[in-house]
Amino acid sequence: MRTLVVGAGAAGLWCALHATEHGPVTVIAPGAAELTATAWAQGGVAAVTEPQDSAELHAADTLAAGVGLCDPDAVRVLVEEAPLAVQELRALGMAFDEGERPALEGGHSARRVLHAQGDASGRELHRFLAAQVAGDRGIDRMDGRVVAIASDGRVARGAILGDGRSIEADRIVLATGGACGIFGRRTGPDTSIGEGLVLAWAAGAALADLEFVQFHPTALDVPGKPARLLTEALRGEGATLIDVHGERFMTRFHPLGELAPRDVVARALIRVREETGAPVYLDAAGVSDVAQRFPTAVEQCREVGLDIAHVPIPVAPAAHYMMGGVLTDVWGRTPVSGLFAAGEVACTGVHGANRLASNSLAEALVFGARAARAELGPPPEPPAARDGSFREPAGGLPLTEVRELADRTLGVRRFGPELDALVDRLVSAEHPQGDRVATLVERLMAEAALRRRESRGGHFRVDFPEPQAGWRVRQAVDRDGWWAIPLPEPEAARTV
Ligand SMILES: Cc1cc2nc3c(=O)[nH]c(=O)nc-3n(C[C@H](O)[C@H](O)[C@H](O)COP(=O)(O)OP(=O)(O)OC[C@H]3O[C@@H](n4cnc5c(N)ncnc54)[C@H](O)[C@@H]3O)c2cc1C
């Protein structure tokens with residue numbers, strides 16, 4: 001059994017390490033660690049490791065964050081297997097910050113977020129996994145990009161690289177990360193534009209939950225500079241959000257103030273910016289030992305000439321995480337036999353409408369390992385009935401325009417008529433030099449957002465500001481059109 005892993009973040013590297021049990025393994029991805037979101041992660045890995053915590057509590061928190069759209073089976077797999085992944089990592093020599101107890105993060109009812117090297121957890125996890133893969137395990141690590149999956153729509157047999165070479169494999173695992181790179185304001189790598197989504201789509205797989213994007217409220221807002229993330233843990237340690245007059249405002253919007261859910265804080269920030277016509281600031285002057293405890297935040301602010309220990313930092317929301325992705329079962333399988341997806345590119349259903357903080361590295365590890373072990377078939381069967389269908393676009397829009405449109409129309413607040421106009425613009429985008437991948441991803445995201453006539457989790461419609469019971473369904477799409485995936489009743493979903 002030959003395995004080809006596409007992508008070298010947490011999901012791809014962990015998958016590759018597990019796939020060696022079944023035969024030869026090749027990992028293909030551009031070389032640099034900075035091209036993975038994994039290396040950018042600051043918080044850590046959510047896993048139950050404390051006696052007073054439990055899988056049931058972790059599941060309940062995950063389901064609550066997902067606002068009724070999580071797949072309870074996928075959630076059960078995540079919460080039960082995340083501690084096993086941590087145990088396995090420790091056995092291999094990964095050093096989590098052992099002296100400290102796991103951290104408490106927003107939305108978690110117990111301490112369960114494991115850090116490594118403080119707020120550089122992702123960089124440390126990536127360094128460790130990359131070293132394991134480079135070690136003496138016979139994994140072939142290739143530098144390059146996959147531009148197509150060799151598939152007849154039913155069975156995948158390999159991949160085609162950007163330089164025209166092809167690689168045959170029995171198992172192809174897409175671990176290509178998320179798609180927030182289609183936004184101008186994003187906290188992650190520029191290159192995460194959803195290539196894996198389009199590879200899977202073109203091979204005959206389906207995508208789901210595309211309307212759900214998590215916007216992080218506190219990303220740097222300095223004109224002309226990247227929107228670097230300023231971790232929520234700063235607010236957990238007492239940093240406040242203030243307007244241009246120095247007034248705190250979050251208590252107006254939510255009883256939890258600065259620690260309200262991310263979507264609530266993001267909308268409040270935009271509202272206050274509109275009210276005052278001026279930026280909003282994160283004031284961390286009251287956080288003790290900020291330089292020692294938040295070296296990444298300090299460095300990111302220093303790079304733009306700001307000293308977070310002494311001056312309020314201008315912040316605004318930025319696209320941070322894609323809840324949607326390639327629709328898979330709990331083994332990472334798609335309807336195309338031999339084609340799997342794991343990590344942020346996949347949509348197992350664990351996040352529903354909103355991701356619980358630090359569940360994504362856990363997901364990458366748990367489902368990366370599963371994709372390495374899963375039987376090749378039978379893959380999940382898609383339903384016969386669809387709504388609408390797609391003409392494959394021949395071109396696209398330039399990436400700068402895709403990003404400008406996403407920021408303007410697909411951001412924290414969405415409005416039906418604007419989404420409608422955006423879809424029209426993207427459907428007719430045929431520029432031969434345009435970015436076909438980013439344009440298609442944005443078009444599917446915009447259509448999903450337009451179809452969902454309610455607000456829930458990461459998706460907020462100003463024209464439908466409340467959740468609607470009738471919308472407790474997931475939306476999926478493939479080249480033959482859209483369909484709805486029904487979910488069990490909430491009570492059943494909670495007995496995980
Ligand atoms: C600033 C920031 C902070 C975060 N903090 C946390 C946190 O504290 N805890 C948490 O759980 N999550 C966090 N997240 C989210 C988390 O980092 C990601 O969801 C997770 O790392 C995704 O891992 P992955 O392996 O799926 O993808 P990635 O780590 O993004 O890796 C994708 C890989 O695929 C490659 N690739 C893409 N396209 C192709 C192609 N066509 N051919 C070949 N290779 C390709 C890329 O180059 C890369 O190697 C954070 C994200 C950001 C941006």
Side-chain angles (χ1 to χ4, degrees), residues 40-44 100 103-108 113 115 118-122 183-188 214-321 357-358 407 411-413 460:
W40 297 49
Q42 296 180 14
E100 296 184 9
L104 183 63
E105 281 192 4
H108 290 271
V113 179
H115 289 220
D119 71 355
S121 298
F183 288 85
R185 276 191 63 76
R186 57 191 175 270
T187 62
Q214 186 172 78
F215 295 91
H216 201 290
T218 53
L220 264 175
D221 184 28
V222 177
K225 303 289 183 192
R228 298 280 184 247
L229 174 84
L230 295 175
T231 174
E232 208 157 303
L234 281 159
R235 280 174 280 140
E237 296 300 324
T240 55
L241 287 164
I242 55 174
D243 65 18
V244 68
H245 309 297
E247 296 293 329
R248 279 178 78 176
F249 56 80
M250 270 314 300
T251 43
R252 262 208 286 146
F253 294 95
H254 198 280
L256 288 174
E258 275 84 357
L259 293 177
R262 284 180 182 172
D263 57 315
V264 175
V265 183
R267 285 197 298 277
L269 253 72
I270 290 183
R271 180 86 171 271
V272 172
R273 282 168 67 98
E274 281 171 359
E275 284 170 6
T276 59
V280 161
Y281 297 88
L282 181 72
D283 183 358
V287 178
S288 58
D289 299 331
V290 75
Q292 284 75 41
R293 293 157 77 203
F294 298 101
T296 307
V298 169
E299 177 58 19
Q300 288 176 164
C301 292
R302 200 193 53 73
E303 279 170 8
V304 296
L306 296 171
D307 176 2
I308 191 172
H310 297 104
V311 297
I313 305 294
V315 290
H320 180 57
Y321 183 82
S358 290
D407 283 353
V412 173
R413 293 188 313 195
F460 185 84

Requested in this report: Would you mind reporting whether Val315 and Pro217 have side-chain heavy atoms less than 4.5 Å apart?
Outcome: no
**Report entry** Asp243 and Glu275, any side-chain heavy atoms less than 4.5 Å apart
**Finding:** no
Query raised in the report: With a 4.0 Å cut-off, would you call Glu247 and Arg252 a salt bridge?
Result: no
Query - Side-chain heavy atoms of Leu220 within contact of Pro226, under 4.5 Å - result: no
Query - Validation row: Met250, Leu259 side chains within 4.5 angstrom (heavy atoms) - result: no
Requested in this report: List the atom of Ala316, the atom of Leu269, and the distance in Å for their closest heavy-atom pair.
Outcome: CA-CD2, 4.0 Å
Report task. Determine, stepwise, if the pair Val113 / Leu104 fulfils side chain to side chain contact (heavy atoms under 4.5 Å, CB included). Result -> CA-CA 6 Å; Val113 179; Leu104 183 63; over 6 Å; no
Report task. Could you tell me whether the side chain of Leu241 reaches within less than 4.5 Å of the side chain of Val272, counting heavy atoms only? Result -> no
Query - Any donor-acceptor N/O pair, His115 side chain to Gly43 backbone, under 3.5 Å - result: yes
Report summary line: Applying side-chain contact (heavy atoms from CB on, under 4.5 Å) to Ala219 and not counting sequence neighbours gives Arg185, Thr187, Ala227, Ala318
Report summary line: Shortest non-hydrogen pair, Phe460 vs Val412, comes out as CB-O, 3.4 Å
Query raised in the report: Taking C-beta and beyond as the side chain, do Pro314 and Leu306 meet within less than 4.5 Å on heavy atoms?
Result: yes
Report task. Could you check Asp221 against Arg273 for side chain to side chain contact (heavy atoms under 4.5 Å, CB included), going step by step and ending with a plain yes or no? Result -> CA-CA 12 Å; Asp221 184 28; Arg273 282 168 67 98; 2.8 Å; yes
Report summary line: Heavy-atom closest pair (Ala284 atom, Leu234 atom, distance to 0.1 Å) is CB-CD2, 4.4 Å
Requested in this report: Provide the closest heavy-atom pair for Val244 versus Tyr281 in the form atom of the first, atom of the second, distance.
Outcome: CA-CE1, 4.1 Å
**Report entry** Sidechain N-carboxylate O distance under 4.0 Å for Glu299, Arg302
**Finding:** yes
Query - Any donor-acceptor N/O pair, Glu258 side chain to Thr240 backbone, under 3.5 Å - result: no
Requested in this report: Applying salt bridge (charged side-chain N to carboxylate O under 4.0 Å, His left out), name anything that partners Arg228, two or more places apart in sequence or on another chain.
Outcome: none
Query raised in the report: Given the rule in the side-chain hydrogen bond (donor to acceptor under 3.5 Å, both in side chains) test, do Glu105 and Ser358 qualify, once you have shown the distances and angles that lead to the verdict?
Result: CA-CA 8 Å; Glu105 281 192 4; Ser358 290; 3.1 Å; yes
Query - With sequence neighbours excluded, residues passing side-chain contact (heavy atoms from CB on, under 4.5 Å) with Ala309 - result: Val290, Asp307
Requested in this report: Not counting sequence neighbours, which residues clear side-chain hydrogen bond (donor to acceptor under 3.5 Å, both in side chains) with Gln300? List them please.
Outcome: none
Query raised in the report: Heavy-atom distance under 4.5 Å between the side chains of Glu232 and Arg262, does that happen here?
Result: yes
Requested in this report: Can you measure from CG (Asp407) to CZ (Arg186) and round to the nearest 0.5 angstrom?
Outcome: 8.5 Å
Report summary line: Looking only at heavy atoms, the pair that brings Val287 and Ala239 closest together is CG2-N, 3.7 Å
Query raised in the report: Does any pair with a residue in residues 281-293 pass salt bridge (Lys or Arg N to Asp or Glu O under 4.0 Å), and if so which ones, sequence neighbours excluded?
Result: Glu237-Arg293
Report task. Enumerate the residue pairs fulfilling ring-ring contact (aromatic ring centres under 6.0 Å, His included) with a member in residues 216-258, sequence neighbours excluded, ordered by first and then second residue. Result -> His216-His320
Report task. Verify whether one side chain among Thr296 and Asp119 offers a donor that lies under 3.5 Å from an acceptor in the other. Result -> yes
Query raised in the report: If every non-hydrogen atom of Ile313 is compared with every non-hydrogen atom of Leu230, which pair is closest and at what distance?
Result: CG2-CD1, 3.8 Å
